[in-house]
2 protein chains.
Amino acid sequence: MKHLETLDFIEAINRAGSIRGAADTLSLTSTALNRRLLALEEELGAPIFERLPRGVRLSPAGELLIQHIRSQRADLERVRSQIADLKGERRGHVSVACSQALLPYFMPREINAYRAEHPRVTFEVNLRDRYRAERALVAHQADIALVFEPVRLADVQVLATVPQQVHAVMARNHPLAAKPVLRLSDVAGYPIGLPSEEFGVRYLLDIAMRRSSIQLTPDIVSDSFEFLRCYPGPEMMVTLQIPIGLPPDDGRDPIVSRPIDRRDVPAGLLYLAQMRGRTLPVAAANFARQLTRSLERTAAGDGAEGPRAS
Amino acid sequence: MKHLETLDFIEAINRAGSIRGAADTLSLTSTALNRRLLALEEELGAPIFERLPRGVRLSPAGELLIQHIRSQRADLERVRSQIADLKGERRGHVSVACSQALLPYFMPREINAYRAEHPRVTFEVNLRDRYRAERALVAHQADIALVFEPVRLADVQVLATVPQQVHAVMARNHPLAAKPVLRLSDVAGYPIGLPSEEFGVRYLLDIAMRRSSIQLTPDIVSDSFEFLRCYPGPEMMVTLQIPIGLPPDDGRDPIVSRPIDRRDVPAGLLYLAQMRGRTLPVAAANFARQLTRSLERTAAGDGAEGPRAS
DNA sequence: GCGTAGTGGTGCAGATTTTGCAGCGGTCGT
DNA sequence: ACGACCGCTGCAAAATCTGCACCACTACGC
């Protein structure tokens with residue numbers, strides 16, 4: 001879009017940290033870029049960047065402006081998608097930021113289902129921890145976010161929540177697999193793998209451990225649930241995860257899960273959210289609606305309640 | 001602002017109803033305007049106007065676009081005002097849409113008070129009935145609206161409400177002026193002046209009359225409260241108004257007001273509102289905050305309760 | 001039935017704006 | 001002290017936009 005060109009340039013300068021640097025990435029001369037910046041600052045009546053000896057940095061006015069630019073671009077994108085929608089072209093793009101637990105099973109299944117109905121809708125799925133997911137919404141880098149136990153920012157609007165009881169994950173031949181529900185003290189007797197502290201599951205566990213006297217001392221800490229799940233079973237290791245991040249038990253999978261008694265660890269909440277006050281593009285809004293329905297089914301089914309079908 | 005020029009042109013074409021007509025008002029050739037429109041439609045991938053033999057008319061896509069343009073311009077204005085604000089310049093502009101009752105006393109007093117603190121803030125006050133006030137908010141033609149008994153649109157966000165009991169207004173020597181509180185049946189015995197049907201006071205009265213058996217047959221109907229208030233008193237006429245639209249009784253004013261018993265006519269609500277989801281410019285936000293405080297004082301004082309000090 | 005006045009759209013030449021090159025003065029790191 | 005990088009500024013070339021004359025078309029008046 002032509003009339004947003006200059007504003008895009010501002011973002012490029014901000015990313016590059018210098019006018020000359022941004023000019024290179026934009027296939028432009030520093031002259032032209034500098035001229036445009038000066039003209040815009042003139043129109044605005046305030047400098048957008050502070051001039052440093054080694055480049056430029058956003059001024060307070062620039063911070064405001066760049067926020068405006070992002071919101072404006074996102075809104076234009078929504079308008080374009082609405083226009084495409086009323087032309088009958090069911091295309092569009094959805095950008096999702098989500099927690100790690102959603103990546104292996106839930107999101108692929110949901111996106112598959114959606115694209116079966118709307119094949120011309122494209123998707124972008126980015127792993128963002130609970131802090132960065134919310135910041136991505138505000139910066140218009142994601143349309144919707146699906147995060148476990150988020151830090152609730154004021155600028156974020158919750159579309160749906162579903163409780164998720166923490167589950168213990170282990171090999172099928174693990175001694176604990178015999179019990180349908182585990183106490184935290186059961187788990188404490190075996191080698192344990194835990195996600196690192198920025199994750200919601202760990203956050204819930206840390207709270208639970210502070211309240212009770214039981215201490216879980218992790219033998220393995222990782223920021224990858226996939227790694228923790230795949231870590232060889234011979235050690236009889238136990239790891240912890242929420243059910244939405246686990247495969248449905250088909251009775252043959254070498255990995256099984258058992259819920260932790262909720263007297264020990266309370267259920268955490270999985271949040272579906274968007275930026276507050278924003279009108280989503282049609283495709284994103286429709287996909288969010290589908291997710292809401294799916295999450296409600298999850299909540300009614302096996303999500304919050306005890307043992308998974310096994 | 002340079003990059004919004006083309007979008008302004010779209011609005012001009014929409015207003016004029018034809019490209020050539022808009023070109024005249026913009027001091028441009030129809031050629032240039034036409035070219036820009038075609039280029040924009042190309043970029044957008046859809047026609048913005050339907051071509052009629054006698055001019056042009058907004059297409060559905062154009063409706064969407066023009067709404068986007070307005071919101072974009074309003075948002076840019078907010079950014080500019082925020083930038084001016086952090087430069088220490090306490091200037092800005094506030095656009096208010098309000099009911100007739102607010103015009104003679106309340107709004108002048110409030111704006112005076114505000115400008116005493118912030119002399120460089122300019123104001124625009126427009127009379128809008130309760131339908132048009134809300135549409136003005138959505139069309140970004142007003143920052144805030146102050147209306148009595150509005151039809152509540154979904155896109156409008158309520159900032160404050162204050163109940164207003166309907167008062168009867170009459171000459172000081174009117175027989176009814178002797179009673180501190182009037183029943184509707186008292187009023188029915190005298191010549192009556194009523195506001196026309198689009199006004200909130202009339203709306204409340206019509207409801208009250210439907211519920212009871214008392215019928216007020218107006219001798220004068222007007223869309224001007226000022227006219228009704230000034231209509232010569234010799235006729236011993238009674239008219240109806242809400243207290244915020246009446247002068248404080250200083251004991252000498254030839255016009256006095258008495259509340260109607262709330263068993264007959266329930267109190268209506270005065271709403272302070274803005275467009276839902278919009279972030280107001282600093283000046284408008286501050287003024288809205290002042291109004292909220294003033295309205296709360298009004299509610300605590302003489303607004304909802306019985307007789308005014310007299 | 002035909003002219004007229006209005007509409008949006010187009011080719012081409014001139015006006016206007018934007019871009020790029022070369023060079024200035026400055027600060028930092030080596 | 002030197003080189004590398006930074007933001008910024010004349011001046012000429014390039015690109016873009018504007019305006020005139022003109023076309024095709026439709027509604028309206030007579």
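Naming: A, B, ... by sequence-line order, numbering from 1 per chain.
- Taking the six-membered ring for Trp, Phe123(A) and Phe287(A) have ring centres closer than 6.0 Å.
- Computed from coordinates, the Leu33(A) CG to dC21(C) P distance equals 15 Å when rounded to whole Å.
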So which protein N/O to nucleotides 10-16 of chain C N/O distances come out below 3.5 Å?
from	atom 1	to	atom 2	distance (Å)
dC12(C)	N4	Arg35(B)	NH2	3.1

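- Residue Thr29(B) places no side-chain N or O under 4.0 Å from the OP1 or OP2 atom of dT18(D).
- Summarising the geometry, the separation between CD on Glu50(B) and P on dG9(C) is reported as 13 Å, rounded to the nearest angstrom.
- When heavy atoms are screened at a 4.0 angstrom cut-off, Leu28(B) is found touching the sugar-phosphate backbone but no base atom.
- If you check dT27(C), dG7(D), dG6(C) against the side chain of Ile19(A), the one that comes closest is dG7(D).
- Between Phe199(A) and Phe148(A), the ring centre distance reaches or exceeds 6.0 Å.
- Under the 4.5 Å side-chain criterion, counting only non-hydrogen atoms from C-beta, Ile69(A) is in contact with Arg73(A).
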TODO: Evaluate the side-chain contact (heavy atoms from CB on, under 4.5 Å) criterion for residues Arg278(A) and Asp143(A): first the C-alpha distance (whole Å), next the side-chain angles of each, then the deciding distance (0.1 Å), finally the verdict.
DONE: CA-CA 9 Å; Arg278(A) 183 178 167 201; Asp143(A) 297 319; 3.0 Å; yes
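- Residue Arg36(A) contributes atom CZ, which lies 7 Å from atom P of dT18(C) at whole-angstrom precision.
- Taking atom CZ on Phe9(B) and atom C1' on dT18(D), their separation rounds to 11 Å, with Å as the unit.
- Whole-Å rounding puts the Asp24(B) CG to dG6(C) C1' distance at 13 Å.
- Not a single side-chain hydrogen bond (donor to acceptor under 3.5 Å, both in side chains) links His140(A) to another residue, sequence neighbours left out.
- Across the protein-nucleic acid pair, Arg51(A) atom CZ and dC8(D) atom C1' stand 9 Å apart, rounded to whole Å.
- In this structure, the CD1 atom of Ile13(A) is 11 Å from the C1' atom of dG7(D), given to the nearest Å.
- The interatomic distance linking Leu26(B) (CG) with dC17(D) (C1') rounds to 16 Å, in whole Å.
- Taking a 6.0 Å sphere around CZ of Arg152(B), one finds it holds 12 or fewer heavy atoms contributed by other residues, nucleotides or ligands.
- Considering Arg91(A), Arg78(A), Arg90(A) in turn, Arg90(A) is the only one that fulfils the salt bridge (Lys or Arg N to Asp or Glu O under 4.0 Å) rule with Asp85(A).
- Remark: the Arg20(B) side chain and the dG6(C) base include no donor-acceptor N/O pair separated by less than 3.5 Å.
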